[in-house]
Engineer: 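One structure, pasted below without further comment.
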Amino acid sequence: MDVGFLGLGIMGKAMSMNLLKNGFKVTVWNRTLSKCNELVAHGASVGQTPAEVVKKCKITIAILSDPAAALSVVFDKDGVLEEICSSKGYIDMSTVDPETSCKISEAITSKGGHFLEAPVSGSKQPAETGQLVILAAGEKALYEEAVPVFDVLGKKSFFLGQIGNGAKMKLVVNMIMGSMMNAFSEGLVLAERSGLNPHNLLDVLDLGGIANPMFRGKGPAMLQDNYSPAFPLKHQQKDVRLALALGDENAVSMPVAAAANEAFKKARNMGLGDLDFSAVVETVKVLKHSS
């Protein structure tokens, strides 16, 4: 199967590489075309525009940074809409709001194309090892056609029904994750400032009812001030912001998520946006010092 891939950031590059290693023919595009070079060395072809990728491939996947980027590759000149047709499928795996997914879906289907939203839960390492969780919604036939691709990219894929449900599920998941990271950050700093060994805290947490892969994976690096980006903080803040908007639409009170959003905004103002989202712990350290 010929698969197109639009967007070669941390996630897209790893996912494209997985497809190549598993025998798929992959055509890639990125706004900065030089980012395609490593994938070309592993057998990928390059499309000069999103439209060129769609023209060549039966299924084209996009994973882009935010709603504006997701809309741009579809609607701009030389974009997806110029070549989408009844024999083509388009799968957007970006994390966007439901309205953006619906807008893209309507545009694709109006040209006869087939659309699926399929945001993923997981960051750099799960993307590299094919252990993502795929949250798909939209056209069931395209989902079934894409299952061989999803089986390479993820450990589990869900079909969640109508367009918008994939986006909503991803925003809820990332809102919970961002809130947890803030509580974890406060706990690490509190343990250390009150005279405890924070490494002991990690061990205690890992043996209890709130043990989880995020604390286990991020904690040791955070204690070494290592925030190499697996999931950039600016994207985490964007996702919490979009989740809060979804809360507004549904009259759901979300004070914990709102506080997390403020912490991530503070971290971005501190210049930490391109670091891993665990760098939000630095906002706690600053607050402690200033008190």
Side-chain angles (χ1 to χ4, degrees), residues 1-9 11-13 15-16 18-19 24-31 36 39 44-120 127 132 134-154 157-170:
M1 185 189 295
D2 287 334
V3 178
F5 220 102
L6 310 179
L8 300 176
M11 300 295 287
K13 178 182 174 184
M15 294 160 76
S16 301
N18 257 354
L19 292 174
F24 287 87
K25 294 179 180 178
V26 181
T27 300
V28 296
W29 171 87
N30 193 74
R31 203 172 298 279
C36 300
L39 290 159
S45 303
V46 176
Q48 295 298 309
T49 65
E52 188 178 313
V53 175
V54 172
K55 184 176 182 179
K56 181 177 179 181
C57 300
K58 184 171 177 57
I59 291 177
T60 298
I61 294 169
I63 186 160
L64 301 152
S65 59
D66 56 28
L71 292 167
S72 174
V73 301
V74 174
F75 290 97
D76 284 2
K77 184 178 183 300
D78 298 320
V80 170
L81 280 186
E82 294 190 11
E83 292 292 341
I84 202 73
C85 59
S86 61
S87 62
K88 307 284 188 182
Y90 185 63
I91 302 175
D92 193 347
M93 303 185 87
S94 314
T95 299
V96 299
D97 54 283
E99 291 75 19
T100 296
S101 272
C102 290
K103 186 173 183 179
I104 293 171
S105 176
E106 289 166 7
I108 296 295
T109 55
S110 73
K111 298 288 292 285
H114 309 279
F115 181 71
L116 199 67
E117 60 170 355
V120 297
L132 297 167
I134 297 164
L135 309 171
E139 187 173 324
K140 187 69 180 290
L142 179 55
Y143 173 78
E144 291 170 350
E145 187 179 3
V147 163
V149 175
F150 291 163
D151 284 347
V152 167
L153 299 178
S157 61
F158 292 86
F159 182 75
L160 300 171
Q162 67 183 13
I163 289 292
N165 285 353
K168 291 173 187 175
M169 183 68 79
K170 178 62 189 297

Engineer: Heavy atoms only: give me the nearest Tyr143-Ser157 pair and the separation to one decimal.
Structural biologist: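 Of all heavy-atom pairs spanning Tyr143 and Ser157, the closest is OH-OG, 2.9 Å.
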Engineer: Check whether any side-chain heavy atom of Leu153 lies under 4.5 Å from a side-chain heavy atom of Ile134, and answer yes or no.
Structural biologist: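 A side-chain contact under 4.5 Å exists here.
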Engineer: Could you state the interatomic distance from CG (Leu81) to CD1 (Ile108), rounded to the nearest 0.5 Å?
Structural biologist: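 Leu81 CG to Ile108 CD1: 5.0 Å, rounded to 0.5 Å.
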Engineer: If we ignore hydrogens and angles and just use 3.5 Å, is the side chain of Ser16 paired with the main-chain N or O of Gly12 as donor and acceptor?
Structural biologist: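 Such a contact is found between Ser16 side chain and Gly12 backbone.
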Engineer: With no hydrogens and no angle check, is any side-chain donor or acceptor of Glu117 less than 3.5 Å from a backbone partner on Gly166?
Structural biologist: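 Yes, the answer is positive, given that a donor and an acceptor are paired below the 3.5 Å cut-off.
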Engineer: If every non-hydrogen atom of Val120 is compared with every non-hydrogen atom of Met93, which pair is closest and at what distance?
Structural biologist: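 Scanning both residues, the minimum pair turns out to be CG1-CE, 3.4 Å.
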Engineer: If you count every heavy atom of other residues, nucleotides or ligands that lies below 6.0 Å from Lys111 atom NZ, does the total exceed 12?
Structural biologist: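 Counting neighbours around NZ of Lys111, more than 12 heavy atoms of other residues, nucleotides or ligands fall under 6.0 Å, so yes.
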Engineer: Keeping to residues at least two apart or across chains, list the salt bridge (Lys or Arg N to Asp or Glu O under 4.0 Å) pairs with something in residues 55-64.
Structural biologist: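 Counting only pairs at least two positions apart or across chains, the salt bridge (Lys or Arg N to Asp or Glu O under 4.0 Å) contacts touching residues 55-64 are Lys58-Glu145.
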Engineer: Quick check: does any side chain N or O of Asn165 sit under 3.5 Å from a backbone N or O of Leu160, one acting as donor and the other as acceptor?
Structural biologist: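 Yes, the answer is positive, given that a donor and an acceptor are paired below the 3.5 Å cut-off.
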Engineer: With a 4.5 Å cut-off on side-chain heavy atoms, are Phe75 and Lys103 touching?
Structural biologist: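 The answer is yes; the side chains approach within 4.5 Å.
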Engineer: Between Ile91 and Phe150, is there a side-chain heavy-atom distance shorter than 4.5 Å?
Structural biologist: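 Yes, side chains in contact.
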Engineer: Which distance, rounded to the nearest 0.5 Å, do you find between the CD1 of Ile104 and the OG1 of Thr109?
Structural biologist: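 Answer for the CD1-OG1 pair, Ile104 versus Thr109, is 11.5 Å.
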Engineer: Checking side-chain contact (heavy atoms from CB on, under 4.5 Å) for the pair Ile63/Phe5: CA distance, chi angles, key distance, verdict?
Structural biologist: CA-CA 8 Å; Ile63 186 160; Phe5 220 102; 3.4 Å; yes
Engineer: Mind checking the SG-CD spacing from Cys57 to Glu52? Nearest 0.5 Å is all I need.
Structural biologist: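 Separation between the atoms: 10.0 Å.
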Engineer: Determine whether Leu132 and Met11 satisfy the following criterion, side-chain contact (heavy atoms from CB on, under 4.5 Å), listing intermediate values before the conclusion.
Structural biologist: CA-CA 10 Å; Leu132 297 167; Met11 300 295 287; 3.7 Å; yes
Engineer: Report the distance from atom CE of Met15 to atom CG of Leu8, rounding to the nearest 0.5 Å.
Structural biologist: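 The CG atom of Leu8 is 11.0 Å from CE of Met15, to the nearest 0.5 Å.
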Engineer: How far apart are the closest heavy atoms of His114 and Gly112, and which atoms are they?
Structural biologist: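 Smallest heavy-atom distance, with atoms named: NE2-O, 3.9 Å.
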Engineer: With a 4.5 Å cut-off on side-chain heavy atoms, are Val149 and Ile61 touching?
Structural biologist: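 The answer is yes, as the side chains (C-beta and beyond) meet within the 4.5 Å cut-off.
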Engineer: Rounded to the nearest 0.5 Å, what's the gap from CZ on Arg31 to CG on Leu64? Could you check?
Structural biologist: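 Output value for this atom pair is 7.5 Å.
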Engineer: Do the side chains of Thr27 and Asp2 get nearer than 4.5 Å, heavy atoms only?
Structural biologist: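 The answer is no, as the side chains (C-beta and beyond) never meet within the 4.5 Å cut-off.
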Engineer: Measuring from atom CG of Asp78 to atom CD of Glu83, what distance do you get when rounded to the nearest 0.5 angstrom?
Structural biologist: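 Asp78 atom CG to Glu83 atom CD measures 9.5 Å (nearest 0.5 Å).
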Engineer: Crowded around Lys13 NZ? As in, over 12 foreign heavy atoms under 6.0 Å?
Structural biologist: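 No, because the 6.0 Å sphere around NZ of Lys13 holds 12 heavy atoms or fewer from other groups.
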Engineer: In the structure I gave you, are the side-chain heavy atoms of Asp92 and Phe115 within less than 4.5 Å of one another anywhere?
Structural biologist: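 The answer is yes; the side chains approach within 4.5 Å.
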Engineer: Testing the basics here: between Phe159 and Leu116, what is the closest heavy-atom pair and its distance to 0.1 Å?
Structural biologist: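 Looking at all heavy atoms of both residues, the shortest contact is CE1-CD1, 4.2 Å.
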Engineer: Please confirm whether the backbone N or O of Thr100 pairs with a side-chain atom of Asp97, one donor and one acceptor, at under 3.5 Å?
Structural biologist: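 Side chain of Asp97 to backbone of Thr100, a donor-acceptor pair under 3.5 Å: yes, one is there.
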Engineer: Using every non-hydrogen atom in the two residues, find where Thr60 and Val54 come nearest and quote the distance to one decimal.
Structural biologist: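 That would be OG1-CA, 3.6 Å.
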Engineer: List the atom of Cys36, the atom of Val46, and the distance in Å for their closest heavy-atom pair.
Structural biologist: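 So the minimum-distance heavy-atom pair works out to CB-CG2, 3.8 Å.
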